[in-house]
Amino acid sequence: MVFTLAAVIAIGPLSIDMYLPSLPAMQAHFGADAAATQLTLSAYFIGLAFGQLIYGPITDRLGRKRPLLFGLGLYALVSLGCALAPSMDSLILLRFLQALGGCAGMVITRAMVRDCFPPQEMARILSTLVLIMGVAPILAPLLGAQIYLLWGWSAIFFLMSAFSLLCFAAIAWGIPETSRNRSDALSLAGILAGYVRLLGHRRFMGYALAGGVAQSGMFAYISASSFVFIEVYGLSPSHFGWLFGLNAFGLISAAQVNSFMLRRYRAERVLRMALTVNAACGIAMLLTAATGFGGFWGIVVPLFCGMSSLGFSFPNSTAGAMAPFGDRAGMAAALLGTLQFALASVSGAAVGVLFNSTALPMAAVMCTCALSARLLLQWLVPAPVAPLVK
């Protein structure tokens, strides 16, 4: 079950990372500018943010399996449309629709984990999911670069469609329904009231915003990295794929260390340490980008350390936010994901607007996100007096 859920979650990294090495080529193909090309990423983030709000209450009412299958089917169909897009504007719209299908997996898999595991164990299972699904961001840019060189960028979207159909089959015939408690009949007033209660829950918002803002720094990196490293530092698409994979490897390795640490320490303590390290790395990268100190390596080293720290922050912030909401796991997962990807769309768009053919805009946005995440957690979820040991 964990392996299958990880494959479904991997649709997200595949949709974001696989076509990154071909972004400059897509820009040239459609005659667009860098900001318009990066909107294909921002549109996907916006679709993720919006769609999750819909799936959350639906999956609490109807169960997990049927909405997940619907989302995977929609994703497969729209991915074919992306491959055949006639213009950059149509591709941006299709990417939004693609996200409406893909976000089902992001919401429902987290709800299924919450259905089956208690909060501390949930953080460990999420760390395991990061390991399994982490193969996707390592292989996706490498595979995407090779597919682009052999068959062009449209073949990447054909592969996305095929992968989602495999996930559809695995869920349909291999995973049972996990929801034991169903919410009341759906109504707009009830849905809005449920989300308002979540928004007013200080602990939920503290973990959700801290984790979401930290992750939005990662999406600023994703949005700008191909332009920074291919155009500014002169890496080839294949070498960029290896660099992207190295950062993903750091995140995955940290997630496995996190799983071991959770046997001794509570998730809250590990999260605070991770966000502190992430903030320090953001400051270091901003200074090297502004001064030029260290050149290429001056950016890569703090970037690697900052990305690795997210292997601790993602599972622990998710578990902390969802812990009080076993009976509304779908809505909690939906709002959590919406906040994360709404913030990601803002950071990705900011990097596109500020891009000036240097690494400075990427470093500045990432540093702002890292510092803000640490401050939000400190403000909204004060550290307890007792030691945070298990």
Side-chain angles (χ1 to χ4, degrees), residues 11-48 75-102 136-137 139-164 218-245 248 341 344-345 347-357 359 361-362:
I11 288 176
L14 286 174
S15 304
I16 296 167
D17 303 337
M18 187 178 291
Y19 84 134
L20 290 180
S22 64
L23 278 180
M26 292 170 63
Q27 175 183 338
H29 174 82
F30 289 114
D33 56 23
T37 305
Q38 288 174 332
L39 280 177
T40 60
L41 277 171
S42 295
Y44 192 84
F45 296 152
I46 293 170
L48 289 177
Y75 178 93
L77 181 63
V78 178
S79 295
L80 294 177
C82 291
L84 304 173
S87 66
M88 182 61 75
D89 289 340
S90 61
L91 180 60
I92 292 170
L93 175 60
L94 286 166
R95 285 282 286 173
F96 173 80
L97 297 175
Q98 186 188 36
L100 294 183
L139 296 182
L142 300 175
L143 181 62
Q146 296 306 313
I147 292 175
Y148 160 68
L149 292 173
L150 291 173
W151 297 296
W153 62 265
S154 60
I156 296 171
F157 290 100
F158 284 121
L159 182 60
M160 292 180 188
S161 179
F163 182 77
S164 65
M218 179 182 70
F219 286 110
Y221 153 70
I222 290 172
S223 181
S225 58
S226 60
F227 294 95
V228 169
F229 291 112
I230 293 176
E231 295 188 356
V232 177
Y233 289 106
L235 293 185
S236 67
S238 60
H239 287 162
F240 166 75
W242 284 107
L243 175 63
F244 199 93
F341 284 97
S345 66
S347 67
V351 170
V353 171
L354 297 174
F355 185 69
N356 60 357
S357 298
M362 181 182 76

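Only this structure's heavy atoms are used, side chains among them; waters, hydrogens and symmetry mates stay out. Note that the structure is a prediction, hence the values are computed from the model and not measured.
At distances below 3.5 Å, not a single donor-acceptor pair connects side-chain atoms of Ser22 with backbone N or O atoms of Ala25. For Arg95 (side chain) and Thr40 (main-chain N/O), a donor-acceptor pair under 3.5 Å exists by modelled atom type.
Val228 is listed as a side-chain neighbour of Tyr233, based on a closest heavy-atom distance under 4.5 Å. You'll find the side chain of Leu84 stays beyond 4.5 Å of the side chain of Ser154, heavy atoms only. Side-chain atoms of Phe158 and Leu80, non-hydrogen and from C-beta on, do get closer than 4.5 Å to each other.
Leu235 contributes atom CG, which lies 8.5 Å from atom CZ of Phe240 (distance to the nearest 0.5 angstrom). Going from atom OG of Ser15 over to atom CZ of Phe163 covers 9.5 Å, rounded to the nearest 0.5 Å. For the atom pair CG (Leu94) and CZ (Phe157), the distance works out to 9.0 Å, reported to the nearest 0.5 Å. Once rounded to the nearest 0.5 Å, the distance linking CG of Leu91 with OG1 of Thr37 reads 9.0 Å. To the nearest 0.5 Å, the span separating OH on Tyr19 from CG on Leu159 amounts to 15.0 Å. Met362 CE to Asn356 CG: the interatomic distance, rounded to the nearest 0.5 Å, is 11.5 Å.
Residues passing the ring pair (Phe, Tyr, Trp, His ring centres under 6.0 Å) test with His29, sequence neighbours excluded: Trp153. Take Leu100 and apply the side-chain contact (heavy atoms from CB on, under 4.5 Å) test, not counting sequence neighbours, and it matches Phe50, Leu74, Phe96, Leu97. For Ser79, the side-chain contact (heavy atoms from CB on, under 4.5 Å) partners two or more places apart in sequence, or in a different chain, are Tyr75, Gln98, Met160, Ser161. The side-chain hydrogen bond (donor to acceptor under 3.5 Å, both in side chains) search around Tyr221 returns Asn247, not counting sequence neighbours. Residues meeting the side-chain contact (heavy atoms from CB on, under 4.5 Å) test with Trp151, sequence neighbours left out: Ile147, Ala155.
Nearest approach of Ile156 to Tyr148, heavy atoms of both residues: CD1-CB, 4.3 Å. The nearest pair of heavy atoms linking Ser226 to Leu23 is OG-CD1, 3.8 Å.
For residues 80-93, the side-chain hydrogen bond (donor to acceptor under 3.5 Å, both in side chains) pairs, not counting sequence neighbours, are Ser87-Ser90.
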